[in-house]
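The block underneath contains the structure these notes are about, expressed in structure tokens.
Lettering of chains follows the sequences in order, A, B, ..., and the numbering in each one begins at 1.
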Protein chains: 2
Amino acid sequence: MDKQKQQNLEKKGWKIGSAKEFLNLSEESSSYIELKIKLSSNLRKLRTERKLTQVELAKIIKSSQSRVAKLETGDPSVSLDLIIRSLLALGTSNKDIARTISS
Amino acid sequence: MDKQKQQNLEKKGWKIGSAKEFLNLSEESSSYIELKIKLSSNLRKLRTERKLTQVELAKIIKSSQSRVAKLETGDPSVSLDLIIRSLLALGTSNKDIARTISS
DNA sequence: GAAATATATGTCATATTTGACATATTGTCA
DNA sequence: TGACAATATGTCAAATATGACATATATTTC
């Protein structure tokens with residue numbers, strides 16, 4: 001992960017770690033962030049494929065438009081739990097989720 | 001999912017849904033629970049393979065023995081986030097995680 | 001089988017995540 | 001362009017997850 005990418009993430013509010021680690025985000029953190037980004041991108045893909053608006057998706061997952069936006073833009077305030085439960089609510093199978101993570 | 005399995009889950013504290021749905025847990029909920037169970041079982045497997053105690057793992061992931069126990073026993077108070085961050089802390093790759101989910 | 005070690009369970013104050021709301025920004029189409 | 005729909009961003013009280021602690025229960029070792 002290069003400096004630019006890291007700075008973008010930090011701007012978004014991701015806690016990257018100490019100054020010491022600034023230039024080499026731990027494998028652990030970056031894998032976690034990558035995971036979330038992959039899954040939330042997939043969520044947006046699914047939603048748009050089905051021609052749903054964020055408002056409509058929000059209703060399905062019993063949340064709000066603003067949280068759906070945060071889900072899809074990878075806001076750090078969003079948990080993996082919510083991302084995955086949203087995918088499941090759209091009918092995604094565990095195997096599909098695994099495929100997304102591997103992609 | 002049969003009645004016995006469902007009752008076991010409920011005893012553990014899982015919120016299964018309304019009485020009406022008692023006998024047929026939604027696909028969504030059961031996939032989510034399955035996912036967590038697969039990953040937390042994998043966590044225990046990894047820990048024991050490496051001959052770590054729960055206390056030692058707790059140190060690695062900066063948590064406590066009791067929470068590690070809850071992680072591994074699939075306590076509903078534990079988030080997917082924590083399970084996955086724990087796996088990553090043990091060096092599991094995203095592809096490994098995907099494999100576990102598909103298994 | 002007692003002592004020692006490991007794991008499970010219950011509780012709680014604190015921290016993080018949540019849906020909801022307001023409002024800003026972007027995209028679309030007449 | 002301007003109006004309208006869709007999405008993004010900021011904030012916050014309420015809900016949920018957290019580490020820590022005490023303590024119960026298994027499991028191992030002698």
Open item on the list: Whole angstroms only, please: what is the CD-P distance between B:Q54 and D:dT27?
Closed with: 13 Å

Task: Pairwise 5' ranking along DNA chain C for B:E72 and A:S63, keeping only the more 5' one - done: B:E72

TODO: Let me know, please, whether B:S66 or B:L82 comes out on the 5' side of the other along DNA chain D by nearest nucleotide.
DONE: B:L82

Task: Whole-Å gap separating P (C:dT9) and CG (B:D75) - done: 8 Å

Open item on the list: Taking 4.0 Å as the cut-off, does a side-chain nitrogen or oxygen of A:R47 come that near to OP1 or OP2 on D:dT7?
Closed with: yes

Task: Side-chain (B:D96) to main-chain (B:S93) donor-acceptor, under 3.5 angstrom - done: yes

Open item on the list: Does a side-chain N or O of A:R44 approach OP1 or OP2 of D:dA8 to a distance below 4.0 Å, or not?
Closed with: yes

Open item on the list: Expressed as a whole number of angstroms, how long is the span from A:K59:NZ to D:dA6:P?
Closed with: 13 Å

- [ ] Take the protein atom CZ of A:R85 and the nucleotide atom C1' of D:dA15, then report the distance between them rounded to whole Å.
- [x] 12 Å

Open item on the list: Tell me the interatomic distance from A:I61, atom CD1, to C:dT18, atom C1', rounded to whole angstroms.
Closed with: 11 Å

- [ ] Enter the distance from B:L71:CG to B:L82:CG here, rounded to the nearest 0.5 Å.
- [x] 4.5 Å

TODO: Starting at CG of B:N94, measure out to CG of A:L35 and round the result to the nearest 0.5 Å.
DONE: 4.5 Å

- [ ] Rounded to the nearest angstrom, tell me the gap between atom CG in A:L80 and atom C1' in D:dA17.
- [x] 14 Å

Task: Interatomic distance where CG belongs to A:D81 and C1' belongs to C:dT16 [whole Å] - done: 12 Å

Open item on the list: Do the side chains of B:E72 and B:R47 get close enough for a salt bridge, i.e. N-O under 4.0 angstrom?
Closed with: yes

Open item on the list: Between the base of C:dA8 and the side chain of B:Q65, is one N or O donor paired with an acceptor at under 3.5 angstrom?
Closed with: yes

- [ ] Report yes or no: is there a donor-acceptor pair, N or O only, under 3.5 Å between the side chain of B:K70 and the base of C:dG10?
- [x] yes

Open item on the list: Please confirm whether the shortest side-chain N or O distance from B:S77 to OP1 or OP2 of D:dT18 is below 4.0 Å.
Closed with: no

- [ ] Using a heavy-atom cut-off of under 4.0 Å over every strand shown, decide if B:V78 touches base, sugar-phosphate, or nothing.
- [x] sugar-phosphate

Open item on the list: Taking the nucleotide of DNA chain C with the nearest heavy atom to each, does B:V55 or B:R67 sit closer to the 5' end?
Closed with: B:V55

Task: D:dA8 OP1/OP2 closer than 4.0 Å to side-chain N/O of A:T73 - done: no

- [ ] Please round to the nearest 0.5 Å and tell me the distance separating atom CZ of B:R44 and atom CD of B:E49.
- [x] 13.0 Å

- [ ] Please state whether the base of C:dC21 and the side chain of A:S64 form at least one donor-acceptor pair under 3.5 Å?
- [x] no

TODO: Using atom NZ of A:K51 as one end and atom C1' of D:dA6 as the other, report the distance to the nearest whole Å.
DONE: 15 Å

